[in-house]
Structures are given as C-alpha cells and as structure tokens.
Amino acid sequence: MDHGSQQQQQHPAMIRLYEVQREVQSLGPQVCTFSGLKNEREYRRLERELTRLLLEVDQVDTEGRADLQGARKRAAQEVEGLLRYLEENATHPSRLAIEELSREAQRLVEQGVVEPQRAGGTAEISDELVDAVQELILRLTQVKTGGRVPLRKARYRALTRLCAVQDVIEGRTRQQTLPLSEDTHVAVQRINQVMVQVSGARSQLVALLMGLSGRDSCAHLSRVLTELLVELDALDVSGNAAVRNYRKQVVEEINGLLKHLDLEGEGDDTRRYDLAQNDSIRQIEAVRGRVGQLRGEVLRHCGVGDLFRPKPELQSLLTHLDQVDTARNPCIREARRRAVLEVQAVITFLDLREALICRQPGSNEPPQHRAVWMVLGSLSDLQAQVLCFNGKRADKSYILLEELLTKQLLALDAVDPQGDEMTKVARKQAVKFAQNILSYLDMKTDEWEY
C-alpha cells in the first residue's frame with residue numbers, strides 16, 4: 001500500500017465515514033425487512049437512527065479534498081436510499097391496502113366473535129361470518145407486492161393470522177363437542193368445566209390473533225391451555241370408553257388451539273413469505289412449466305390439422321398438484337388452484353377438439369342442435385387463441401378475444417331449443433364452456449403473484 005493511500009485511510013474524516021458505513025450495514029437488513037407502518041415504534045427508531053447518521057455524514061469535514069467529498073457523498077446517498085426505501089414501503093399503496101383489509105377483519109371478528117364473548121354470552125358462528133373471512137383472505141392474496149420483501153412479509157403475517165382465525169371458527173362449526181351428563185362418571189363434571197374454559201379460550205385466541213386483546217398474550221393463553229391438558233391427563237377415566245372418548249375430543253380441541261399460538265415469530269422466517277424459495281411453489285412452477293410445453297405441442301399439432309393427445313400426462317400432472325402440500329398457506333393454495341386450471345384448460349380444449357373431429361351428425365339432426373355445435377366449433381378456435389395469449393387486459397388482442405367470446409354467448413342465447421332436450425343440454429354445456437374460457441382469459445391477465 002503506498003504512502004498516499006495510508007494517509008487517506010488514516011484521515012479522521014475517512015475513518016468516521018467508515019464507521020458510519022458499518023452502522024449503515026448493520027441497519028440495512030433491518031430496514032429491508034421492516035414490514036410495518038410509519039406510526040410504529042420500530043419505524044420511528046429506524047428513521048431516527050438513519051437521520052442521525054445522515055447528520056453525522058453531513059458534519060464530516062472534507063477539507064475540500066475531492067476523495068473525501070466523493071466518499072461523503074456516497075455515504076450520504078446510501079443512508080438516503082435506506083430512508084427512502086423505509087418510507088416507500090411503509091406508505092406503499094399495497095401496504096395500506098393490507099392494513100385496511102386487516103382492520104376490516106378486526107371489525108368483522110370483533111362484532112361476530114369477541115363482543116358476544118365479552119358480554120358473557122357465546123358467539124354463534126354464522127355461515128355469513130365464515131364466508132366473509134374467506135372473502136377477506138382471497139382479497140389479501142390478491143394484493144400486489146411487486147416482489148418487495150417488506151410487503152410480502154406484511155401480507156404473509158396478515159394472512160397467517162386471518163387463516164388461523166378461519167381455522168378456529170370453522171373448526172368450531174365443524175365439530176361441536178357435546179358435554180356428557182355428569183351422572184355418567186365422576187370425572188365428567190371437571191371435563192365439562194374444562195369445555196367451558198376452552199370455549200372462552202377460543203374467543204380469546206381469535207382476539208389475540210386479530211390484535212383485539214390488549215392485556216392477554218399468546219404465552220399466557222398457551223400456559224392456561226397446557227395446564228388444562230395436564231389436568232385432563234391426570235383424570236382417572238379408566239373403564240369407561242365414552243368418557244375416555246369425550247376427554248380425547250376435548251384434548252384435540254385444546255391442541256387445535258395451541259397450534260395457532262406460535263405465530264409471533266413466524267413472519268420473520270423468509271422461507272415462509274418469500275414463496276419463490278418455497279418447495280411447494282417450486283413443484284407447482286415445475287408443473288406449470290411442463291404444462292406450457294404440452295400446450296405448445298398441442299397448439300402446434302392443431303395448426304397442421306393433427307391432434308396431439310397428451311391427456312394421460314396431463315392427468316398425472318393434476319394428480320401431482322393434488323399432492324402438493326400447501327401448509328394451509330392461502331397463497332400456495334391459490335397458486336395450486338391456478339395451476340390446476342391451466343391443466344384443465346388444455347384437457348377441455350383436447351376433449352372438444354376430439355368431439356368435433358369425431359362428430360357425425362345425422363341427416364335428421366335438428367337445426368338448433370347443429371347451431372350449438374357451430375358455436376362450439378367457434379369456441380374451440382377462440383380457446384386456442386386464449387391458450388397462447390400472453391398479453392395484458394389493455395391489449396387490443398385481449399379486448400377482441402373478450403368481444404368474440406361474448407358474441408358466442410349471445411349466439412347461444414339466441415338458440416331456441418324448441419323443446420328438444422338434447423339441444424337444451426348441449427346449449428347449457430356450451431354456455432358453461434364459453435364462460436370457463438372467459439374466466440381463464442381473465443385469470444391469465446389479472447397479474448396475480450404469490
């Protein structure tokens with residue numbers, strides 16, 4: 001190392017800039033994974049630390065030296081970049097959308113589950129509540145993150161909690177453990193008392209998951225439930241199969257609640273919210289890749305008047321997708337559902353092509369029945385275009401395809417079966433087929449991401 005370089009490294013200004021750089025490197029990962037909002041304590045801490053560093057960089061005396069000025073400028077840009085990234089993610093429209101959906105879920109759960117329990121009653125889990133929670137989960141999965149880690153993390157944390165709530169309330173509607181008569185066995189009275197506590201713990205858990213419980217904590221509820229398990233285990237129920245089975249059901253309910261109490265640190269595991277690294281997503285993407293290859297082959301063969309029939313392989317891909325472990329992650333479930341639709345689209349295309357090739361209409365075929373088949377022939381051609389479409393909704397080709405498919409639906413609507421049952425069935429199937437093509441086109445262009 002030459003003398004000039006030693007002087008530069010030993011200069012107090014450069015030493016201070018190196019120290020600032022080390023602090024920036026320490027704060028960088030924290031900023032890049034922060035998934036909260038501007039009003040949170042962690043945001044204010046990070047903002048305060050970065051602002052302090054920016055002021056310290058600004059106060060470094062460069063003595064007019066170009067090398068030190070350049071180093072100071074680079075340090076300032078690095079800190080400013082982190083400040084900008086922190087604010088952009090905390091105020092990003094998608095982050096605000098996640099927050100609004102979370103608040104909507106809070107209001108829903110508070111009215112339907114928490115308030116009745118606090119009033120001393122029992123929350124009646126209605127189908128409307130279950131459906132509303134499912135709708136919110138779907139809306140959360142559709143929030144675009146643009147690949148940003150903080151937004152993915154925020155979406156994942158909101159989804160895991162809402163899915164846990166869904167599991168708790170659906171579990172309650174699926175399996176209501178009915179208390180036994182206390183005359184059955186001496187232990188039944190205590191098991192019934194535990195059941196009452198479990199019912200309260202269920203609402204308490206939902207409140208915790210949705211951030212509606214200020215005083216309680218997951219750790220406290222976990223201790224309470226674990227103590228109930230220990231107490232149930234100590235009960236002597238030997239010799240009575242009905243009571244043993246009753247206790248087993250209550251234990252299963254408690255264990256079902258306990259599994260949702262370890263969500264606090266779950267959002268910090270990048271493998272959970274960075275789904276590109278997820279094994280299940282990789283399996284789904286591998287299937288989609290193969291489907292794309294088969295789809296290309298099918299369309300190429302159709303272009304030359306041949307029919308390539310890879311249906312056995314397509315069916316095996318559906319079986320593979322059915323076996324993919326979604327780990328109750330709604331984003332993985334949605335990714336799998338969409339992959340299934342991609343496979344089914346190719347299968348239905350092949351089925352219709354084959355039916356059109358094999359069709360041998362008789363001389364006495366009703367004109368209205370022939371009209372339905374004419375529409376099906378047009379739908380088959382349009383489906384081929386939809387299968388190879390890779391554009392966006394704003395594209396002219398998308399608008400044209402949508403218009404042409406709608407025209408086919410209108411053509412089917414105009415067919416009068418004149419009491420012919422076969423025509424009625426054929427028209428109904430053709431309408432469903434056209435609607436499925438439209439839905440598939442819509443799915444291909446909705447810019448969904450996991």
Side-chain angles (χ1 to χ4, degrees), residues 35-36 94-95 97-114 123 125-145 150-175 201-213 218 221-222 225 252-281 284 321-322 324-340 448-450:
S35 61
S94 291
R95 182 63 187 88
I98 293 166
E99 185 64 16
E100 181 52 40
L101 287 169
S102 297
R103 286 178 182 170
E104 194 175 331
Q106 280 184 327
R107 291 191 292 269
L108 186 71
V109 169
E110 186 164 27
Q111 292 170 6
V113 180
V114 179
I125 308 300
S126 64
D127 290 341
E128 289 77 10
L129 177 62
V130 173
D131 291 343
V133 169
Q134 177 62 31
E135 172 66 20
L136 284 172
I137 288 172
L138 284 174
R139 286 165 63 190
L140 269 170
T141 63
Q142 290 163 0
V143 172
K144 305 291 187 296
T145 65
L151 298 180
R152 282 186 170 183
K153 186 176 178 181
R155 185 181 67 175
Y156 177 77
R157 288 173 71 87
L159 278 168
T160 49
R161 278 154 180 72
L162 197 49
C163 284
V165 168
Q166 181 188 42
D167 192 47
V168 171
I169 63 176
E170 284 188 350
R172 180 169 181 172
T173 56
R174 276 196 307 268
Q175 48 177 26
R202 188 182 290 108
S203 295
Q204 197 178 344
L205 171 59
V206 168
L208 280 166
L209 290 168
M210 298 286 17
L212 297 168
S213 180
C218 288
L221 184 57
S222 181
L225 291 171
E252 286 174 353
E253 286 206 31
I254 294 173
N255 284 329
L257 298 181
L258 280 169
K259 73 179 181 180
H260 295 303
L261 285 168
D262 59 352
L263 292 175
E264 286 305 309
E266 188 170 314
D268 296 325
D269 184 353
T270 56
R271 289 172 299 175
R272 293 189 179 274
Y273 58 83
D274 186 9
L275 292 180
Q277 308 303 317
N278 183 280
D279 287 339
S280 295
I281 287 291
I284 292 168
L321 286 170
D322 189 53
V324 170
D325 180 16
T326 65
R328 292 192 63 80
N329 185 312
C331 291
I332 301 177
R333 279 196 307 225
E334 177 64 8
R336 183 177 67 177
R337 185 189 74 83
R338 296 167 79 90
V340 166
W448 184 82
E449 60 175 32
Y450 49 73

Exercise. Under a 4.5 Å cut-off applied to non-hydrogen side-chain atoms, are L138 and Q134 in contact?
Worked result: yes

Exercise. Does the side chain of R95 come within less than 4.5 Å of P150's, by heavy atoms?
Worked result: no

Exercise. So do the side chains of V113 and L129 get within less than 4.5 Å of each other, counting heavy atoms only?
Worked result: yes

Problem set entry | NZ/NE/NH1/NH2 to OD/OE distance under 4.0 Å, D167 and K259 | yes

Problem set entry | With E100 via side chain to side chain donor-acceptor pair (under 3.5 Å) - residues at least two apart | R107

Exercise. So, the side chain of R202 versus the backbone of L257: is there a donor-acceptor pair under 3.5 Å, distance only?
Worked result: no

Exercise. Can you tell if the side chain of T326 reaches within under 4.5 Å of the side chain of R336, non-hydrogen atoms only?
Worked result: yes

Problem set entry | side chain to side chain contact (heavy atoms under 4.5 Å, CB included) between L151 and S35, worked out | CA-CA 6 Å; L151 298 180; S35 61; over 6 Å; no

Problem set entry | Rounded distance (nearest 0.5 Å) linking atom CG of L225 with atom CG of L205 | 8.0 Å

Exercise. Say you draw a straight line from CD1 of I137 to CD of E135; how long is it, rounded to the nearest 0.5 Å?
Worked result: 10.5 Å

For this session: Measure the spacing between OG1 of T141 and CZ of R337 and express it to the nearest 0.5 Å.
Result: 8.5 Å

Seminar exercise, completed: Residues at least two apart in sequence or cross-chain that pass side chain to side chain donor-acceptor pair (under 3.5 Å) with E104, listed by chain then number, are R139

For this session: Identify, with sequence neighbours excluded, every residue that meets side chain to side chain donor-acceptor pair (under 3.5 Å) alongside Q142.
Result: none

Exercise. Counting distance only, does the side-chain N/O of R155 pair as donor-acceptor with the main-chain N or O of I98 below 3.5 Å?
Worked result: no

Exercise. Under 4.5 Å between any side-chain heavy atoms of L258 and S222, yes or no?
Worked result: yes

Exercise. Backbone N or O of V143 within a donor-acceptor pair of the S94 side chain at under 3.5 Å?
Worked result: no

Seminar exercise, completed: dist S203:OG -> L208:CG (nearest 0.5 Å) comes out at 11.0 Å

Exercise. Given side chains that start at C-beta, do those of L162 and M210 come closer than 4.5 Å, heavy atoms only?
Worked result: yes

Exercise. Could you state the interatomic distance from CG (D131) to CG (L136), rounded to the nearest 0.5 Å?
Worked result: 11.5 Å

Exercise. Would a 4.5 Å heavy-atom cut-off, applied to side chains only, mark D325 and I332 as touching?
Worked result: no

Seminar exercise, completed: Partner of V324 under side-chain contact (heavy atoms from CB on, under 4.5 Å), picked from I281, D279, I284, V340, is I284

Exercise. How long is the gap from CZ on R333 to CG on L159, to the nearest 0.5 Å?
Worked result: 9.5 Å

